[in-house]
Amino acid sequence: MKTQALPFPGSVGLTRLSVYSWEASDGVCGGSPHMHTASTEAYLVLSGSGRVETIRASGYESYDLAPDDLLWFSPGTIHRLVNEDNLEILAIMQNGGLPEAGDAVLTFEPEVVADAKRYAQAATLDAGPASPSSSLPAAARTRRDAALAGYLRLKEAAQAGDVGAVERFHRDAVRLVQARVPDWQELWKETIAPEAARTEGWLADLAEGRYSHFKDAAVTRSAPSSGERVLGMCGMLQKWDSNGSR
């Protein structure tokens with residue numbers, strides 16, 4: 001009997017990430033610093049080495065990354081991935097779909113983050129329909145460098161104990177995403193909340209000795225969403241279709 005393919009467990013998103021090896025202005029290689037506003041992210045290190053730098057209201061910290069390390073951080077954590085030796089990770093993102101809908105905010109200079117139009121221009125990699133694909137890596141690197149400029153100011157402030165700079169970034173980041181939140185709420189209701197409700201129903205049945213959901217047991221396979229890795233904020237990405245196929 002055929003059954004419908006199941007969504008990926010826990011409504012999380014999976015991305016294999018080869019962190020950029022582009023050297024930045026501070027002599028360090030890595031991705032674009034950014035922050036997620038509504039989703040927790042986890043890094044499982046597959047190979048190589050590096051570190052993730054974080055800035056929170058409590059200050060700046062750096063965490064070394066080596067194979068089999070697993071590190072995760074909640075919304076409001078500004079983070080920068082540093083590639084020291086061919087760093088490759090599996091990024092596990094809560095609320096699959098929300099990050100793709102604009103959950104992340106890049107750490108551009110304060111005047112850019114405070115201006116929605118300027119932010120959108122700085123964040124896009126799309127230079128127009130006539131733009132050749134060969135220009136995209138340069139655009140991604142330019143975006144990374146622009147995010148790094150603002151990040152280094154935030155890092156310096158955090159290391160000096162200036163919590164005001166982080167607070168201002170948090171405030172402006174929320175202003176950037178606030179208009180999108182109603183759409184996020186609808187997405188959450190349609191694709192994420194049902195996962196928890198489904199488990200609630202299963203537990204209620206089991207408590208009564210019922211197990212009708214076993215009849216719908218399924219095995220689902222998911223293939224990479226594209227044959228080639230694509231440019232992301234922190235490196236080359238390989239995503240999987242979370243809807244899968246039976």
Side-chain angles (χ1 to χ4, degrees), residues 6-56 58-100 103-107 125 136-137 140-141 143-145 147-148 151-152 154-155 158-159 219-242 244:
L6 295 174
F8 196 79
S11 295
V12 302
L14 294 180
T15 303
R16 186 165 185 152
L17 170 62
S18 296
V19 182
Y20 290 135
S21 58
W22 304 329
E23 186 173 314
S25 60
D26 60 352
V28 174
C29 300
S32 305
H34 62 281
M35 179 189 78
H36 294 281
T37 58
S39 300
T40 291
E41 184 174 18
Y43 291 155
L44 174 61
V45 181
L46 302 177
S47 61
S49 63
R51 66 179 188 275
V52 59
E53 299 179 352
T54 67
I55 301 174
R56 296 173 289 156
S58 58
Y60 167 85
E61 290 181 285
S62 179
Y63 301 87
D64 291 335
L65 296 176
D68 298 327
D69 280 347
L70 177 60
L71 184 80
W72 63 93
F73 40 86
S74 55
T77 303
I78 300 165
H79 51 285
R80 177 198 188 188
L81 266 174
V82 173
N83 184 359
E84 295 176 344
D85 182 21
N86 298 315
L87 180 62
E88 186 153 337
I89 66 174
L90 181 66
I92 306 164
M93 181 65 69
Q94 181 191 20
N95 301 324
L98 288 189
E100 292 80 0
D103 165 60
V105 176
L106 291 152
T107 56
L125 293 182
L136 291 179
R141 186 165 184 168
R143 183 176 66 178
R144 189 282 307 268
D145 291 344
L148 181 63
Y151 169 80
L152 291 176
L154 287 168
K155 179 179 176 179
Q159 289 177 319
V219 176
T220 302
R221 182 191 298 274
S222 182
S225 56
S226 65
E228 298 180 358
R229 295 193 181 191
V230 298
L231 293 157
M233 287 190 292
C234 293
M236 300 301 297
L237 309 179
Q238 177 66 72
K239 292 179 175 289
W240 283 264
D241 180 2
S242 60

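Below, each value reflects all heavy atoms present in this structure, side chains not excepted, and no hydrogens, waters or symmetry copies.
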Report task. Verify side chain to side chain contact (heavy atoms under 4.5 Å, CB included) between Glu41 and Gln94, making sure each step is shown before the conclusion. Result -> CA-CA 6 Å; Glu41 184 174 18; Gln94 181 191 20; over 6 Å; no
Within this structure, what is the [atom1]-[atom2] distance for the pair [X] and [Y], rounded to the nearest 0.5 Å?
X: Leu81; Y: Leu65; atom1: CG; atom2: CG; value: 7.0 Å
X: Ser47; Y: Leu90; atom1: OG; atom2: CG; value: 11.5 Å
X: Met93; Y: Leu98; atom1: CE; atom2: CG; value: 10.0 Å

When you compare the side chain of [Y] with that of [X], does any pair of heavy atoms fall below 4.5 Å?
X: Ile78; Y: Leu154; value: yes
X: Phe73; Y: Thr40; value: no
X: Ser25; Y: Leu152; value: yes
X: Leu17; Y: Cys234; value: yes
X: Val105; Y: Thr37; value: yes
X: Ile92; Y: Leu14; value: yes
X: Trp240; Y: Arg16; value: yes
X: Ile55; Y: His79; value: no

[X] side chain to [Y] main-chain N or O, any donor-acceptor pair under 3.5 Å?
X: Asn83; Y: Asn86; value: yes
X: Asp103; Y: Ala38; value: yes
X: Asp69; Y: Leu71; value: no
X: Arg144; Y: Trp22; value: yes

Residues [X], [Y]: salt bridge by 4.0 Å N-O rule:
X: Lys155; Y: Asp26; value: no
X: Glu88; Y: Arg229; value: yes
X: Arg141; Y: Glu23; value: no

**Report entry** salt bridge (Lys or Arg N to Asp or Glu O under 4.0 Å) assessment of Glu100 paired with Lys239
**Finding:** CA-CA 11 Å; Glu100 292 80 0; Lys239 292 179 175 289; 3.6 Å; yes
Taking all non-hydrogen atoms of both residues, which atom of [X] and which atom of [Y] are closest, and how far apart?
X: Tyr20; Y: Gly31; answer: CD1-CA, 4.3 Å
X: Pro67; Y: Leu46; answer: CB-O, 4.3 Å
X: Ser32; Y: Leu106; answer: CB-CD2, 3.6 Å
X: Val45; Y: Ala66; answer: CB-O, 3.1 Å
X: Met35; Y: Gly76; answer: SD-CA, 3.5 Å
X: Ser21; Y: Cys29; answer: O-SG, 3.2 Å

Requested in this report: Check whether the side chains of Tyr151 and Glu53 place a donor and an acceptor atom closer than 3.5 Å, and report yes or no.
Outcome: yes
Query raised in the report: Between His34 and His36, what is the ring plane arrangement, given parallel below 30°, perpendicular above 60°, and tilted in between?
Result: perpendicular
Requested in this report: Determine, step by step, whether Asp68 and Leu70 satisfy the side chain to side chain contact (heavy atoms under 4.5 Å, CB included) criterion, reporting the C-alpha distance in whole Å, the side-chain angles of both residues, the deciding distance to 0.1 Å, and the verdict.
Outcome: CA-CA 6 Å; Asp68 298 327; Leu70 177 60; over 6 Å; no
Query raised in the report: Could you go step by step and tell me if Leu231 and Met236 meet the side chain to side chain contact (heavy atoms under 4.5 Å, CB included) rule?
Result: CA-CA 5 Å; Leu231 293 157; Met236 300 301 297; 3.5 Å; yes
